[in-house]
Amino acid sequence: MKNGAATVFVVDDDASVRKALARLIQSVGLQTKTFASAQELLDQAPPEGPGCIVLDVRMPGLNGLELQAELTGRNIQTPIVFITGHGDIQMSVRAMKSGAVDFLIKPFNDKELLGAIKTAIEKDEYFKAAQTEHSEIQRRHQTLTPREREVLGLVVKGRMNKEIAAELGAAEKTVKVHRARVMQKMQVQSVAELVRAAERVASLGS
Amino acid sequence: MRVKESAASQLKAPADPGRENFPSPWRGFVILGGSLFLAEFVVMICLPYLPELKPWVYNVADAALMLLLASPAGYFLVLRPLHHHIRERRRTEEELLLTNEQLRREIAVRRTAEGELVEAELRYRTVANFTYDWEYWETPEHALRYCSPSCERITGYSAPEFIADPKLQEQIIHPEDADLWRDHHHGALAAREAKIAEFRIRRKDGDIRWVEHTSQPVLGENGIFLGVRASNRDVTDRKIKELQTQQLRRELSHVTRVTTAGQLAASLAHELNQPLTAISCNAQAAERFLAFDKPELNEVQQALKEIWHDSQRAGGVIRQLRALFTKTSQQRSVVNFNEVIEGTLGLLRSELVLNGVSVQLELAPELPGLQGDRIELQQVVLNLILNALEAMTDLPPHRRRLRLCTKLEKSMGIQADFQDCGSGIPPAQLSRLFEPFFTTKPTGMGMGLTICHSIIEAHGGRLWAVNNRDRGATFHLMLPIHQKETV
Ligand SMILES: Nc1ncnc2c1ncn2[C@@H]1O[C@H](COP(=O)(O)OP(=O)(O)O)[C@@H](O)[C@H]1O
Ligand SMILES: [Mg+2]
């Protein structure tokens with residue numbers, strides 16, 4: 001597996017299942033951290049690197065689904081692979097709707113579990129990458145001057161330089177310079193790319 | 001000195017001195033020193049008669065009063081004042097009477113004592129000989145000192161047969177109960193305290209009878225061991241009824257156990273799934289660790305160890321499960337009640353988890369074993385815990401708490417408490433809980449507590465319920481440790 005640096009969080013109240021799961025996951029070169037209850041996991045700081053959570057549905061105290069809701073509430077998006085002792089369809093539907101990667105029924109074979117974990121970690125990596133990208137665009141956006149932001153706004157709306165100049169009461173030449181600065185600061189090659197970056201900034205609510 | 005009668009008639013000399021020739025005294029009034037008194041006189045011819053006066057002289061005082069008058073003819077006149085003599089006599093007579101009376105009384109007392117003794121003997125023998133139960137007294141040398149004739153009614157063998165053959169008693173014990181008898185018999189002789197046992201005997205005519213046997217050491221004065229007194233009662237009828245009830249109870253408890261097992265199917269499947277999942281993960285992990293360029297043998301070894309551990313665990317669940325489905329054997333064994341509770345909790349773990357119930361376990365660290373049927377006792381624990389869970393369904397999961405505790409009550413035995421914080425029991429229903437088919441649940445059967453009660457009773461114990469001061473109910477259970485030895 002390529003996601004070598006990833007960590008898998010195993011939450012199961014049953015010590016022997018917990019240990020066995022951890023061993024199986026380690027056997028494919030992943031790191032593991034084990035927790036005997038949902039609360040134990042919540043007490044930890046959210047993971048830095050990529051990873052996923054392997055979570056038993058039935059547990060004393062907070063159960064798996066409740067933990068999922070709690071994590072969502074805290075805006076922790078680490079993907080979850082549920083494991084359960086019995087095939088409760090209602091439960092699995094709820095879990096999947098709330099964004100679970102998979103819902104495995106014990107006993108499962110290693111391929112099922114490891115496959116689900118792989119998917120979950122990829123999802124997390126993708127998500128984390130996207131998140132990094134987001135914050136990078138955000139950072140770039142912050143370097144724009146108010147005038148450049150105005151120009152960007154109008155470029156995104158599809159206005160021509162001439163139209164922009166008219167709207168801002170500036171010379172077309174000046175607009176051209178602003179536009180080049182914006183493209184440079186936002187590190188994009190084309191108008192299409194610039195539009196996409198601007199959309200991301202907007203979606204982040206700035 | 002004036003003498004009324006002449007002493008002349010006395011004045012004859014006897015042939016020779018001797019007792020038989022001692023002259024008979026004659027009486028007369030004597031005036032001596034100015035006072036008149038009655039006196040006896042003896043005239044003796046010569047001094048050799050003097051010793052013969054001895055019986056005549058009562059004491060020294062008498063002697064002092066005696067007057068010896070020597071006559072010129074060589075005669076002695078012995079004179080004894082009689083008032084003194086009369087007083088003496090009277091006293092002697094009184095003493096005699098008193099002694100006589102005492103003797104009479106003593107004799108009377110002896111008579112009654114003897115009579116009573118005879119009567120008591122008769123009474124006891126009659127009682128013993130007519131006892132309905134078969135009574136005997138075995139000496140420390142294993143001979144029979146007494147055997148009541150009623151043995152014949154119970155065993156078909158007569159008392160002389162038992163007395164003639166000290167081994168007969170043991171020979172008629174049913175082979176299956178022989179060990180029990182031996183243990184009991186040794187125990188009774190060694191422990192020297194009252195003991196009860198129930199066993200079967202084979203009558204002379206081949207019939208099997210149930211006997212309740214009570215034995216007690218006989219201790220003489222100074223605590224000397226004189227053997228064992230035993231009483232044997234024919235309890236065949238009672239025993240048959242008991243066995244029939246037991247059989248019914250067993251069947252009923254089996255049915256409810258199977259029902260319970262059905263209710264718990266999901267939980268039990270989960271309980272089995274856990275070790276299976278662990279085993280499968282460990283096996284697959286071990287395979288991978290072995291396939292490494294440099295195999296991780298440590299991990300493989302650890303995985304194998306855990307596989308073994310989890311297979312044991314799975315086996316345990318299956319055993320518990322099978323226990324729920326099997327009919328109980330009639331055999332009692334030594335059961336540790338803590339283990340019964342722990343085993344049942346193992347079976348219920350996921351049921352408890354699913355319901356969010358937290359269990360507070362306070363088991364006495366060292367609980368003596370008790371004679372009992374493990375499966376049935378487990379059923380009691382199971383029923384009580386399930387009832388507690390059901391009583392707490394209206395509570396939010398984090399408030400569902402169950403407290404289980406065992407303790408040793410010195411004289412009474414083992415006490416176990418099942419305390420929940422559920423709905424509690426309306427006071428009007430407290431007395432009805434153990435009635436068959438009493439239920440307040442829409443899908444309840446109302447047999448759970450009935451069966452618990454009968455199982456505990458069959459173990460010689462008690463089961464009762466009380467409401468807690470704050471919330472919920474507590475079921476208390478008391479089981480004796482030393483029980484009647486039954487088969
Ligand atoms: N722990 C408890 N708390 C409150 N009520 C109880 C408890 N245990 C038993 N009961 C009452 O006793 C009744 C009889 O119990 P049981 O004989 O086990 O039958 P069932 O559980 O099928 O109703 C129950 O319906 C319930 O009303
Ligand atoms: Mg019940």
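Because the structure is a prediction, the values reported are computed rather than measured. Per chain, numbering begins at 1; letters A, B, ... match sequence-line order.
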- Check the pair B:Gln284, A:Lys111 against side-chain contact (heavy atoms from CB on, under 4.5 Å), reporting the backbone distance first and the verdict last. CA-CA 10 Å; B:Gln284 290 157 351; A:Lys111 300 221 168 51; over 6 Å; no

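- Using a 4.5 Å cut-off between heavy atoms, A:Asn63 does not touch chain B at all.
- Around CZ of B:Arg401, the count of heavy atoms belonging to other residues, nucleotides or ligands within 6.0 Å does not exceed 12.
- The environment of CH2 in B:Trp308 is sparse: at most 12 heavy-atom neighbours from other residues, nucleotides or ligands sit within 6.0 Å.
- The two residues B:Asn273 and A:Pro107 have their closest heavy-atom pair at OD1-CD, 2.9 Å.
- Between A:Arg23 and B:Phe289, the shortest heavy-atom distance links the atoms CG-CE1, 3.5 Å.
- How far OG1 of B:Thr277 is from CG of A:Leu21: 8.0 Å, rounded to the nearest 0.5 Å.
- With a 4.5 angstrom heavy-atom cutoff, B:Asn282 touches chain A via backbone and side-chain atoms both.
- Residue B:Gln274 touches chain A through both its backbone and its side chain, counting heavy-atom pairs closer than 4.5 Å.
- Annotation: side chain of A:Asp110 is not in contact with side chain of B:Cys281 (no heavy-atom distance under 4.5 Å).
- When each of B:His309, B:Arg313, B:Arg349 is scored by its heavy-atom pairs under 4.5 Å with chain A, the top score falls to B:Arg313.
- Of residues 189-196 of chain A, no residue lies under 4.5 Å from chain B by any heavy-atom pair.
- Annotation: A:Tyr126, atom OH; neighbour count of heavy atoms from other residues, nucleotides and ligands within 6.0 Å does not exceed 12.
- More than 12 non-hydrogen atoms from other residues, nucleotides or ligands lie less than 6.0 angstrom from NZ of B:Lys441.
- Within 6.0 Å of atom CE in A:Met96, more than 12 heavy atoms from other residues, nucleotides or ligands are found, so the atom counts as buried in its surroundings.
- Per-residue counts of heavy-atom pairs under 4.5 Å with chain A were compared for B:Gly356, B:Ala269, B:Ser280, B:Ala303; the largest is that of B:Ala303.
- Residue A:Arg58 holds its CZ atom at 9.0 Å from CG of B:Asn355, rounded to the nearest 0.5 Å.
- Considering every non-hydrogen atom in both A:Ser16 and B:Ala278, the closest pair reads O-CB, 3.7 Å.
- Within 6.0 Å of CZ on B:Arg403 lie more than 12 heavy atoms contributed by other residues, nucleotides or ligands.
- In this structure, B:Glu362 places its CD atom where more than 12 heavy-atom neighbours from other residues, nucleotides or ligands lie under 6.0 Å away.
- In terms of heavy-atom pairs under 4.5 angstrom with chain A, the leader among B:Leu272, B:Leu276, B:Asp310 is B:Asp310.
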- Task: Test side-chain contact (heavy atoms from CB on, under 4.5 Å) on B:Arg288 and A:Leu114 and set out the steps.
- Result: CA-CA 12 Å; B:Arg288 281 208 169 75; A:Leu114 296 172; 3.5 Å; yes

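- Within 6.0 Å of NZ in A:Lys33 there are 12 or fewer heavy atoms belonging to other residues, nucleotides or ligands.
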